[in-house]
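See below for the structure under consideration.
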Number of protein chains: 2
Amino acid sequence: MTRAGLTAERLTVAAAELADEIGYENVTVSAVARRFGVKDASLYSHIRNAQDLRVRVALLALSELADRVAAALAGRAGKDALVAFANAYRAYAKEHPGRYAAMQIDLDPETAAASAGPRHAEMTRAILRGYQLSEPDQTDAVRMMHSTFHGYVSLERSGGFRHTPREVDASWARSLDALDSILRNWPPQ
Amino acid sequence: MTRAGLTAERLTVAAAELADEIGYENVTVSAVARRFGVKDASLYSHIRNAQDLRVRVALLALSELADRVAAALAGRAGKDALVAFANAYRAYAKEHPGRYAAMQIDLDPETAAASAGPRHAEMTRAILRGYQLSEPDQTDAVRMMHSTFHGYVSLERSGGFRHTPREVDASWARSLDALDSILRNWPPQ
DNA sequence: GGAACTAGCCTAACACCATTAGGCAAACCA
DNA sequence: TGGTTTGCCTAATGGTGTTAGGCTAGTTCC
């Protein structure tokens, strides 16, 4: 009887793949075990419990997304950077809906601090260097950008835009134009 | 043995309350049954299954939120209306996190059409009457507004803004200023 | 090469949840 | 009051999460 070679990492990747394939909410310890042809209980030497597995998937996704965003940003500034960031973000969410969903669980503060979350924040701030905003406007702008991206992607995914015929891609592009315009003319206090 | 007096409506309300109290993902058929002091199986004369119960909670929440937004909008126009809408939306999400989470499930098209979702869309469009936008800009603007609200609320709830000290309320107000400003000066194609 | 050890996967067992089938009694209705 | 409906129950099945303890494949050390 040869061994399956389970590790926390392999389980995490398998869970992430499963999430993209069958939906995040259907990812279960049993389903992951099945994928490796082992019994459920065997996973518990590698992960603490189901929640632990979910957290690992979230961290994986956060890190993958940060890498892609970083790559997209390289060598760009201003609106170019804004659009590259936004498109990388949205593309990741579309390619990996399950991982994107996993990212939404709330991590406890120390896990969050050790995650790629701070890298996201840092990169978002980097974009704003092209827009001459100082604190606290910068923080407000970061929050608005992040909200818009996340809100758009998440409404798009859940079919919130289906009822209106207008192309979602076109609307997205205009929203980015609007964001750019507002960052260039951030309303004075 | 007196009867518990179950109905689909009472079960839905109880499930919604539970969602706000213990979190949407912990709402289970068993937990609802427990709350009424009846056996799990007894619920199945009133609801088809767990998914049916979830859909009912989502519809309840959509309808409650639409009512509150409608009340907030009454007699307002322009930026006043925008801010009233946004604040009603955010307040509902904070008061009823479980119901807000329930609203995010995707309804099948005909259920969605019969839900309060279209009322939301209509009210959002009504706000834009104060801003002289014609199609397709109007659709794009509706999508951007909705994304911003949803994105903000959902990031705030999941602790996405915790790392930066700036007050979330203040940032929110500035984001609404920014939205207003952009609606007044929607960038030309 | 064999003995001792480690670690990886297994079986067994339990609790909770979702769901279906069929029974019995309370509530209503004639 | 007797019959019918309907509401909740018991019983049973299957999936999932989790713990405890066992067996053996692979490694280490003489």
Side-chain angles (χ1 to χ4, degrees), chain A residues 1-60 98-99 101-102 104-108 111, chain B residues 1-60 98-99 101-102 104-108 111:
Chain A
M1 220 27 134
T2 178
R3 292 184 181 176
L6 305 183
T7 64
E9 288 65 36
R10 292 190 64 199
L11 293 177
T12 305
V13 170
E17 287 168 359
L18 262 176
D20 288 336
E21 290 166 18
I22 63 175
Y24 179 66
E25 69 284 358
N26 300 316
V27 174
T28 160
V29 173
S30 302
V32 175
R34 229 173 281 134
R35 198 166 178 107
F36 282 96
V38 300
K39 299 294 175 178
D40 300 10
S42 305
L43 303 203
Y44 288 85
S45 329
H46 305 278
I47 55 169
R48 262 183 338 127
N49 51 37
Q51 182 56 20
D52 178 37
L53 182 60
R54 282 183 214 114
V55 169
R56 286 170 189 270
V57 173
L59 295 177
L60 172 68
R99 296 176 205 219
Q104 309 310 320
I105 61 172
D106 47 335
L107 305 172
D108 66 286
T111 308
Chain B
M1 219 30 140
T2 177
R3 292 183 180 174
L6 306 183
T7 64
E9 287 67 33
R10 292 189 64 198
L11 293 177
T12 305
V13 170
E17 287 168 359
L18 261 177
D20 289 335
E21 289 165 19
I22 63 175
Y24 179 65
E25 70 284 359
N26 299 315
V27 174
T28 161
V29 172
S30 302
V32 175
R34 229 173 282 133
R35 198 167 178 103
F36 282 97
V38 301
K39 299 294 175 178
D40 301 10
S42 305
L43 303 203
Y44 288 86
S45 329
H46 305 279
I47 55 169
R48 263 187 332 131
N49 51 37
Q51 181 57 19
D52 178 36
L53 182 60
R54 282 183 214 114
V55 169
R56 284 170 190 270
V57 174
L59 295 177
L60 171 68
R99 297 175 205 217
Q104 310 309 322
I105 63 173
D106 48 336
L107 304 172
D108 66 286
T111 308

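The basis for the numbers below is simple: all heavy atoms, side chains too, and nothing from hydrogens, waters or symmetry mates. Here is how names work: the chains are called A, B, and so on, in the same order as the sequence lines, proteins then strands, and each is numbered from 1.
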Do [X] and [Y] have side chains that approach each other closer than 4.5 Å (heavy atoms only, starting at C-beta)?
X	Y	answer
B:K39	B:R34	no
A:F36	A:L43	no
A:E17	A:V13	yes
B:Y24	B:Q104	no
A:L59	A:T111	yes

In whole angstroms, how far is the [atom2] atom of [N] from the [atom1] atom of [X]?
X	N	atom1	atom2	result
B:E25	C:dA18	CD	C1'	18 Å
A:N49	C:dA15	CG	P	19 Å
B:N26	C:dA18	CG	P	11 Å
A:R54	D:dT18	CZ	C1'	13 Å
A:L43	D:dT16	CG	P	13 Å
A:I47	D:dG17	CD1	P	9 Å
B:R35	C:dC17	CZ	P	15 Å
A:L53	D:dT18	CG	P	10 Å

- Query: Under 4.0 Å between a side-chain N or O of B:S30 and OP1 or OP2 of C:dA18?
  - Reply: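 Yes.
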
- Message: It should be established whether B:R34 places a side-chain nitrogen or oxygen under 4.0 Å from OP1 or OP2 of nucleotide C:dC17.
- Response: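 The answer is yes; a side-chain N or O of B:R34 sits under 4.0 Å from OP1 or OP2.
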
- Task: Could you tell me whether the side chain of B:D40 and the main chain of B:V29 form a donor-acceptor pair under 3.5 Å?
- Result: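 No.
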
- Could you encode protein contacts along nucleotides 7-13 of chain D as a string, one character per nucleotide from 5' to 3', using B for base contact, S for sugar-phosphate-only contact and - for no contact, with a heavy-atom cut-off of under 4.0 Å? BBBBB--

